[in-house]
J.: 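Provided herewith is a single structure, encoded as structure tokens, for subsequent inquiry.
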Amino acid sequence: MKIFDGNFQEIKTIDNTVFNSIPLTNDALQDKDKVFWIADDQKGLVRYDGNNAPDFIIPNGPKSVLVSGFATTGDYLWVSHGPVAGGGILYPYGFRGVVSSYHNGSWFSFNKQNTNLQICNMDSMTDISCVAADPNDIDHVFA
């Protein structure tokens, strides 16, 4: 990733080793203290001073801004994170399965790392475009 000043002069190159992955940057700026603030699709908000390891600031929120469906049951909100294009037309992109829930002021995202594979193999699910919740059982959710 390259960062330019207002005159389109390159002021910094940040390579993949800083992020330990390929960054999916939406925007970046440098503040008065020469600290870079980077908005990244996968890493959240990144604070990087150009010398030390970056700080990844991940607020309490759903896993992704990509939201394709909602459901509620009791005091839970369930969100599916699947691809939706303009006009609500779904396109298969192969995004890994992720479903988020909101309860008691906190978000939790279910994915392959934190889900019991015997109950639900989130790694085999892609492009989750909708979610439905059983109104009689808060632990019974379909994605």
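Please read these numbers as outputs of a predicted model, since none were measured by experiment.
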J.: If we ignore hydrogens and angles and just use 3.5 Å, is the side chain of S80 paired with the main-chain N or O of G69 as donor and acceptor?
T.: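 Here the side-chain-to-backbone pair exists.
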J.: How many angstroms lie between atom OG1 of T72 and atom OH of Y102, to the nearest 0.5 angstrom?
T.: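 Answer rounded to 0.5 Å: 14.0 Å.
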J.: Quick one: closest heavy-atom pair of S109 and P62, and the distance?
T.: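 Closest approach of S109 to P62: OG-C, 4.2 Å.
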J.: Hey, which of Y76, W78, F108 is the one that makes ring-ring contact (aromatic ring centres under 6.0 Å, His included) with H103?
T.: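 It is Y76; the other options fail the test.
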J.: Can you list everything that forms a side-chain hydrogen bond (donor to acceptor under 3.5 Å, both in side chains) with W107? Sequence neighbours excluded, please.
T.: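 Counting only residues at least two positions away or on another chain, W107 forms no side-chain hydrogen bond (donor to acceptor under 3.5 Å, both in side chains).
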J.: Is the closest side-chain donor-acceptor distance between S129 and S68 under 3.5 Å?
T.: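 No, because no side-chain N or O of S129 sits under 3.5 Å from a partner of the opposite role on S68.
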J.: Which atom pairs, one a donor and one an acceptor, fall under 3.5 Å between side chains of residues 136-143 and the rest of the protein, sequence neighbours left out?
T.:
{"residue": "D137", "atom": "OD1", "partner": "D139", "partner atom": "N", "Å": "3.0"}
{"residue": "H140", "atom": "ND1", "partner": "D134", "partner atom": "OD2", "Å": "3.0"}

J.: Do the side chain of N60 and the main chain of G105 share a donor and acceptor less than 3.5 angstrom apart?
T.: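 Such a contact is found between N60 side chain and G105 backbone.
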J.: Among Ile, Leu, Val, Met, Phe, Trp and Tyr joined by side-chain contacts under 4.5 Å, find the other residues sharing a cluster with L29 and list them by chain and number.
T.: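 Answer for L29: V35, W37, L45, I57.
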J.: Apply side-chain contact (heavy atoms from CB on, under 4.5 Å) to F70 and L77, showing your working.
T.: CA-CA 7 Å; F70 294 97; L77 168 66; 3.9 Å; yes
J.: For a 4.5 angstrom cut-off between non-hydrogen side-chain atoms, does V131 reach V79?
T.: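 Not in contact.
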J.: Which heavy atom of Q30 sits nearest a heavy atom of K34, and at what distance?
T.: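 That would be NE2-O, 3.4 Å.
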J.: When you compare the side chain of P54 with that of R47, does any pair of heavy atoms fall below 4.5 Å?
T.: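 No - every pair of side-chain heavy atoms lies 4.5 Å or more apart.
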J.: When you measure from the side chain of D49 to the backbone of N51, do you find a donor-acceptor pair of N or O atoms at a distance under 3.5 Å?
T.: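 Between the backbone of N51 and the side chain of D49 there is a qualifying donor-acceptor contact (under 3.5 Å).
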